[in-house]
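Sequence lines set the chain letters: A, B, ... in the order given, protein chains first and strands last, and positions in each chain run from 1.
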Number of protein chains: 2
Amino acid sequence: MSETKDRPYHHGDLRRALIDTALAMLALDQNWAFTLREVARRTGVSHAAPYKHFRDKGVLLRELARIGFVQLGDAMTAALSSDISSMRGKFVAAALACIDFALHNPGLYHLMFSSDADKTADRQLHDAAMNTFGILLRFLEEAQRSGSFRSVPVSAQAAACWAQVHGLAMLALNRQLLEEKVGNEPVQAALDVLLDGLCRGEWDRTRV
Amino acid sequence: MSETKDRPYHHGDLRRALIDTALAMLALDQNWAFTLREVARRTGVSHAAPYKHFRDKGVLLRELARIGFVQLGDAMTAALSSDISSMRGKFVAAALACIDFALHNPGLYHLMFSSDADKTADRQLHDAAMNTFGILLRFLEEAQRSGSFRSVPVSAQAAACWAQVHGLAMLALNRQLLEEKVGNEPVQAALDVLLDGLCRGEWDRTRV
DNA sequence: CCTCCATGTTTACAGGAGAAACTTATCGGG
DNA sequence: CCCGATAAGTTTCTCCTGTAAACATGGAGG
């Protein structure tokens, strides 16, 4: 009522409020059907109000996915800029950051990599995804320059890493990384196998 | 009319007909919303008829996913039993078979690895998925015994392979394997990186 | 101060999930 | 050979969703 904020009209930045509500729900439930009406309800507005800010459901979904890629990129950057010395260690940290992000934002992660968020339909979403991928590319270039990683086309290593981490995240989300299937430390173990293919020379697993 | 088959009553195995219709649609469109009514319509029955054979939509979805895992397993088995000599070659063949399966059954593949097909809710689905995974496990055991692959816990290699192939398939399906991102032969290149981590010794890439 | 328009609300409609009541055809038994 | 019982399919109904259109409101600019 007495808000002096720059809230535009009635509600006060309903656009942001809707996004926040949706993000909160996507963080809680990967199986949420994502109904626009539920978002509106939880935000305390009528079910038609969102249409004043998003032409349709898809526009909101893509905006949420875009935010997800930015957040994921931030998490990766943070992990890579930690004071871990070895490239191998940095890689593991970044991969775990991705998987952590997925586990803490299951719905959002699913959305980001689902075709509901069609990247060809939204330039900004496409750019955000490319930016995040670029973080991986730059890291691999550096790791090759430093001699830690083998000198093969960066694009090949990037595809392998992207696929592997994404695959691990999806499997973790869907609870398909059960012990009976893949042992008790599946993520670390799988990353070690990948790293054996990325890194130059041998690596003493027992030292880790 | 003159059928002597054991078809139950009116339609003639409506259950099978519904499954076939659904599979056909899942093969065509990964973005299909999958409405039970559309399946019924295309099968030529009323929208309530499917409920006589599937308690709810989820039961049908899980049955479809189960069939998908069986088919995927068959594709993998076929690829592995080809007359390719090297373990490395066999692995690539099996991985490509998986990705091919995904590209030819985009909707079904999505369904199989989505949480719509909750594996904890259906024993038969769970078993089918485990069976398919078992094909990979047995191959890795053989590859290690033969000396082609490194002797590390099979579960670790399995997790890495499963994640990588699944990740590649998902990225391919969502058209995220664009050249600008990952070069022009992303699948083969990514598998090579993974194989460098799986295999013992060095491998002359130029010979392939 | 008054009017305009961005931002809301209400109302309306098409389509889906699923339950319940109703219909029909097949089968096993008298 | 007819007769319920019952499986299989249809109609109808309720509740939900996405989305469009009509209506309301209140803050900003003339």
Basic-acidic side-chain contact under 4.0 Å: [X], [Y]:
X	Y	result
B:E141	B:R145	no
A:D122	A:R66	no
A:D20	A:R16	no

Restricting to side-chain hydrogen bond (donor to acceptor under 3.5 Å, both in side chains), what partner residues turn up for B:D118, sequence neighbours left out? B:T120
Can you check the [X] [atom1] to [N] [atom2] distance for me, whole Å?
X	N	atom1	atom2	result
B:L61	C:dG18	CG	P	9 Å
B:D13	D:dA8	CG	C1'	12 Å
B:R55	D:dA8	CZ	C1'	18 Å
B:D56	C:dA17	CG	P	11 Å
A:L18	C:dT7	CG	P	12 Å
B:E38	C:dA14	CD	P	18 Å
B:F34	C:dG15	CZ	P	19 Å
B:K57	D:dT17	NZ	P	14 Å

Using a heavy-atom cut-off of 4.0 Å across all strands, would you classify B:R41 as base, sugar-phosphate, or nothing? sugar-phosphate
Mind checking if B:F54 touches a base, just sugar-phosphate, or nothing, with heavy atoms under 4.0 Å? nothing
Side-chain N,O (B:R37) to OP1/OP2 (C:dA14) below 4.0 Å: no
Would you say a side-chain N or O of A:S46 is under 4.0 Å from OP1 or OP2 of C:dT10? no
State, yes or no, whether a side-chain contact exists between A:N131 and A:F69 at a heavy-atom distance under 4.5 Å. no
Quick check: any donor-acceptor pair below 3.5 Å linking the side-chain of A:H47 to the base of C:dT10?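 In this structure, the two groups form no donor-acceptor pair.
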Pick the nucleotide of DNA chain D nearest each of A:L36 and A:K52; which residue has the one closer to the 5' end?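 So the residue in question is A:L36.
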Considering only D:dA21, D:dG9, C:dA17, which nucleotide approaches the side chain of A:A48 most closely? D:dA21
